[in-house]
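Heads up, the thing below is written out as structure tokens.
In listed order, ligands and their atoms are each counted from 1.
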Amino acid sequence: MKFTPILAVAALAAVLGNVQPAQAETKAENDARMGWFREARFGMFIHWGLYAVPAGEWKGKKYGGGVEWLQSLANIPVAEYTPLLEKFNPVKYDAEEWVRLAKDAGMKYIVITTKHHDGFCLWDSAQTDWDIGATPYKKDLLKPLADACAKQGIRLCFYHSIMDWHHPEWGDKAAWRGNAATAKPDMDKFSAYLKAQLDELLAYKPGILWFDGEWEKAWTHERGVDLYNYLLEKSPALIVNNRVDKGRNGMAGFNTGSQFKGDYCTPEQEIPASGLPGVDWESCMTMNNTWGYSAHDNKWKSTEMLVRNLIDIASKGGNYLLNVGPTSEGLIPAPSVERLQGIAAWMKVNGAAIHGTTASPFSKTPDWGRCTTRSLPDGNTRLYLHVFNWPADGRLVLNGLTNEGLKASLLAKPGDALKITSADGSLTIAVPAQAADPLATVIVLDVKGAAKVQ
Ligand code: JFZ
């Protein structure tokens, strides 16, 4: 829904909001702001929009890859794409249920696409009619999610595409969009639109703004810095990903220079081999091969792979943002639900080995699996040994670990102590003959002092 006077006021406020640069943050302030994110380790990504209607197919042709890109993949002009509005009617949407699924899986935050590259908005924005208000459903999709998240103790976060194929003032034009000739692009006007929409979104109190689509030429480093400062001034506790600026190194996602804004790095569909030491990061990944819903993409990863990805990422000090792509009716696809429930069963027993943990002390990835750590209040260290390859001889050997071992047990059986021996600069734990969990069996090992690996 669009009210032009509000646009004018918001645009003016957007300009005035720019006057003061944000103050440099101390390390203690940064630690406080990033604290919940560092503890969370696991979140749910939701890609939801009009592209769920064609679901990866246009004029009889099936498209693969990320089908939230369908408008671009099939070169659909805005005028031909617009009627999808009439078919987006998520009457089966149950925000409480979505949040319950995420929470049970051990996810601590949800990042939902408020607007993807096609420009369509999931809330009834006062800045445009290209939104949920123009669909048969009409009702805001973000508010019920915000309420359910507040009720269930999950942080709601917003993905928001900077690139906008629908907005006439977005500066990079492509002929297929069909709106190339509507205006001489004015990126100042576009920025005012972006800020006015973000003002609306800040009212939902998001934990993170997850920008994307920053790579086109129209978006500049200066605009990235300006937007970051604008948001942090309005919402000092906010976390903003590095795609607000131009420093991201492609799919690897790390920042290529300290001048670039953004609180954390965003590797996409990949896990950095040795993590990204010294910076905060989050790998976003799909369960099949698409972000938005596809009716024909059945290349689902196994629950084992998803659980092991989560463990691998936590062992490298990062977060795992795992995607679901709901249908236009508002349902999370059954294969995704099944996998989330499988992860939930593992996390119910082993969540302590993920949440609030820090990276592995082993510089070389152990061949038996992965390790996460926790500093204990008494100065000792708890190691969580996530065993992927169960030792056939009943001896789990931790090469190079020179600490004194204090106690060990299966995480699932804290009462049953496992025998620890030390020899030749390695520590060995005597383990049961059979792995307790085929996905990953976690052994808890407390050692004296800080972990020392040679
Ligand atoms: C981006 C989006 O384009 C995609 O639809 C999805 O939302 C994902 C999480 O983020 O993916 C990208 C972004 C940039 C590149 C490739 C995929 N790139 O620069 O090659």
Only heavy atoms of [X], strictly under 4.0 Å: list the atoms of ligand 1 that pass.
| X | result |
| --- | --- |
| His116 | 4 (C), 5 (O), 6 (C), 7 (O) |
| Phe45 | 9 (C) |
| Tyr159 | 7 (O) |

Give the single entry among [options] that approaches [atom] most closely by any heavy atom.
| atom | options | result |
| --- | --- | --- |
| atom 10 (O) of ligand 1 | Asp212, Val111, Asn323, Asn249 | Asp212 |
| atom 19 (O) of ligand 1 | Met285, His47, Arg248 | Arg248 |
| atom 8 (C) of ligand 1 | Glu268, Glu216, Gln269 | Glu268 |

Original post:
If you measure from OG1 on Thr327 to NZ on Lys92, what distance do you get to the nearest 0.5 Å?
Top reply: 7.5 Å

**OP:** Take Trp291 and Phe45 through the test ring-ring contact (aromatic ring centres under 6.0 Å, His included) and record every step on the way to the result.
**Re:** CA-CA 9 Å; Trp291 301 95; Phe45 216 170; 5.6 Å; yes

Original post:
Any idea which protein heavy atom is nearest atom 4 (C) of ligand 1, and the distance to it?
Top reply: Glu68 OE2, 3.4 Å

**OP:** If you have a sec, work out which protein heavy atom is nearest atom 18 (N) of ligand 1 and how many Å separate them, to one decimal?
**Re:** Met251 SD, 4.4 Å

**OP:** Measure the shortest side-chain to side-chain distance between Leu194 and Trp219 over non-hydrogen atoms and say whether it is less than 4.5 angstrom.
**Re:** yes

**OP:** Would you indicate whether Lys301, at its atom NZ, is surrounded by more than 12 heavy atoms from other residues, nucleotides or ligands within a distance under 6.0 Å?
**Re:** yes

Original post:
Quick check: are there more than 12 heavy atoms from other residues, nucleotides or ligands sitting under 6.0 Å from CE of Met187?
Top reply: yes

Original post:
When the ring planes of Tyr204 and Phe158 are compared, do they come out parallel, tilted or perpendicular, using 30° and 60° as the limits?
Top reply: perpendicular

